[in-house]
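Taking it in order: structure first as structure tokens, then the write-up.
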Amino acid sequence: MTTIMKEAIDVYDLLNKYSDPRVQEWFLMGSPFPTIMLLVFYQYFVRSLGPWLMKDREPFKLDKVMILYNLVQILLNGWFVEESFRHIWLHGRYSVICEEVDYSDDPLARIVASSTWMFFMTKVLDLLDTVFMVLRKKSHQASFLHLYHHTGMVLATWIGTKYVAGGHVVLFGTINSFVHTVMYIYYLLTALNPEYKKSIWWKKHITELQLIQFVLTSLHSAIALFNPYCKFPKVLLAAFIPQDVFMFFLFLDFYRKAYLNPKKKAKD
């Protein structure tokens, strides 16, 4: 047991050696353990504690909270897209083929690093989606896809912020934030008027947008992974690509059941 703990500490020290020193003091970035414990509690609350606490209670009415939450998400994700274009894409400062991480204290590098951390924090905020489901006694909506996606995104963005706060993954953040801006606009409209769920024709197109996202980000990562001259950490790209592919097929399965074969969805 002592040997295992020592090896774990050695591995942690080694990984810490390659972390970005600029983010070390930022909230949740000093150590992985607070984030891991947050995700463990998130899974425990959604799967066990929350449903048990709500078993004999009436569902909470969170209409105003949901409106405020969706509005905040729209502003945060929209801000990230705006910042990405204002500082990077409109100036041609980043290469879509391969962009290494700038670990310096250059003003642009600091802006990119802080924006990457903010992107991570939006993924932490996303966890409230599921908490609201439980409090409204709609735990059935917390599917494997939902829980896996939210948990995986928090872990992936923590790793991205800790080790590569910028560089090649900025395009992923831009695309993902754009998709989430559109998605939370839809959620806001349906929170303001639930009848919109029946009439908004572009609901299924949000899922199509998510599918396109996974295709684009997978290809973008693959370009750098197989570029022998690209010095962006390939071990991270090799880990991120299978996750994007896996998520693509999970979302594709949801899309097929929800929109191509709704009768099968109802039966399931």
Side-chain angles (χ1 to χ4, degrees), residues 27-28 31-78 118-158 176-177 179-200 202-204 206-207 210 246-247 250-251 253-259 261-268:
F27 181 60
L28 292 179
S31 165
F33 298 113
T35 300
I36 291 173
M37 293 305 298
L38 173 65
L39 291 176
V40 169
F41 180 75
Y42 165 72
Q43 290 283 341
Y44 172 62
F45 178 83
V46 172
R47 294 176 180 272
S48 180
L49 180 61
W52 177 76
L53 291 173
M54 295 301 298
K55 183 178 179 181
D56 298 318
R57 288 181 170 86
E58 290 295 317
F60 283 93
K61 296 186 182 300
L62 302 175
D63 296 351
K64 293 182 180 179
V65 175
M66 295 293 294
I67 290 172
L68 177 61
Y69 172 75
N70 292 321
L71 183 60
V72 169
Q73 286 282 23
I74 293 168
L75 293 175
L76 287 175
N77 284 279
M118 178 63 74
F119 180 70
F120 159 68
M121 292 305 299
T122 64
K123 301 307 154 191
V124 174
L125 187 63
D126 280 346
L127 299 180
L128 287 177
D129 272 346
T130 328
V131 174
F132 293 148
M133 290 177 184
V134 174
L135 296 180
R136 297 165 70 199
K137 300 192 79 168
K138 295 186 177 182
S139 298
H140 62 280
Q141 294 179 343
S143 63
F144 170 78
L145 167 60
H146 182 93
L147 294 175
Y148 181 87
H149 179 58
H150 281 307
T151 302
M153 284 301 294
V154 172
L155 287 174
T157 53
W158 185 91
N176 185 265
S177 292
V179 172
H180 277 72
T181 301
V182 175
M183 183 180 72
Y184 280 109
I185 288 174
Y186 167 76
Y187 287 157
L188 177 62
L189 292 176
T190 56
L192 290 169
N193 187 350
E195 288 298 313
Y196 285 148
K197 291 182 180 180
K198 302 176 182 178
S199 60
I200 295 183
W202 44 275
K203 177 181 178 181
K204 76 171 186 177
I206 296 175
T207 306
Q210 290 169 317
F246 184 48
M247 290 305 304
L250 285 178
F251 272 82
D253 182 63
F254 166 78
Y255 182 82
R256 178 178 58 82
K257 291 178 178 178
Y259 304 114
N261 195 355
K263 291 182 179 180
K264 185 178 186 304
K265 177 192 175 187
K267 182 179 179 181
D268 291 341

**Report entry** Any pair counted as salt bridge (Lys or Arg N to Asp or Glu O under 4.0 Å), so long as it reaches residues 130-156, sequence neighbours left out
**Finding:** none

Query raised in the report: Can you tell if the side chain of Gln43 reaches within under 4.5 Å of the side chain of Thr151, non-hydrogen atoms only?
Result: yes

Query raised in the report: For Tyr148, which residues count as a side chain to side chain contact (heavy atoms under 4.5 Å, CB included) partner, sequence neighbours excluded?
Result: Phe144, Gln243, Phe246, Met247, Leu250

Query raised in the report: Residues two or more places apart in sequence or in another chain: which of them pass salt bridge (Lys or Arg N to Asp or Glu O under 4.0 Å) with Asp129?
Result: none

Query - Which residues share a side chain to side chain contact (heavy atoms under 4.5 Å, CB included) with Thr207, sequence neighbours left out - result: Gln210, Phe251, Phe254, Tyr255, Tyr259

Report task. Answer whether the closest heavy-atom distance between the side chains of Leu127 and Leu38 falls below 4.5 Å. Result -> yes

Requested in this report: Please name all residues satisfying side chain to side chain donor-acceptor pair (under 3.5 Å) with Thr157, sequence neighbours left out, ordered by chain then number.
Outcome: none

Query raised in the report: Just checking, any donor-acceptor pair under 3.5 angstrom between side chains of Thr130 and Tyr42?
Result: yes

Query raised in the report: What pairs with Thr35 under side chain to side chain donor-acceptor pair (under 3.5 Å), at least two apart in sequence or on another chain?
Result: none

Query raised in the report: Residues in side chain to side chain donor-acceptor pair (under 3.5 Å) with Asn176, at least two apart?
Result: Lys123, His180, Gln213

**Report entry** Counterpart residues, side chain to side chain donor-acceptor pair (under 3.5 Å), relative to Tyr187 (two or more places apart)
**Finding:** none

Donor-acceptor contacts under 3.5 Å from residues 49-64 side chains, at least two apart:
{"residue": "Arg57", "atom": "NH1", "partner": "Leu53", "partner atom": "O", "Å": "2.3"}

**Report entry** Qualifying residues under side chain to side chain contact (heavy atoms under 4.5 Å, CB included), relative to Val131, sequence neighbours excluded
**Finding:** Phe45, Leu128, Leu135

Report summary line: Residue set satisfying ring pair (Phe, Tyr, Trp, His ring centres under 6.0 Å) with Phe132, at least two apart, ordered chain then number -> Tyr69

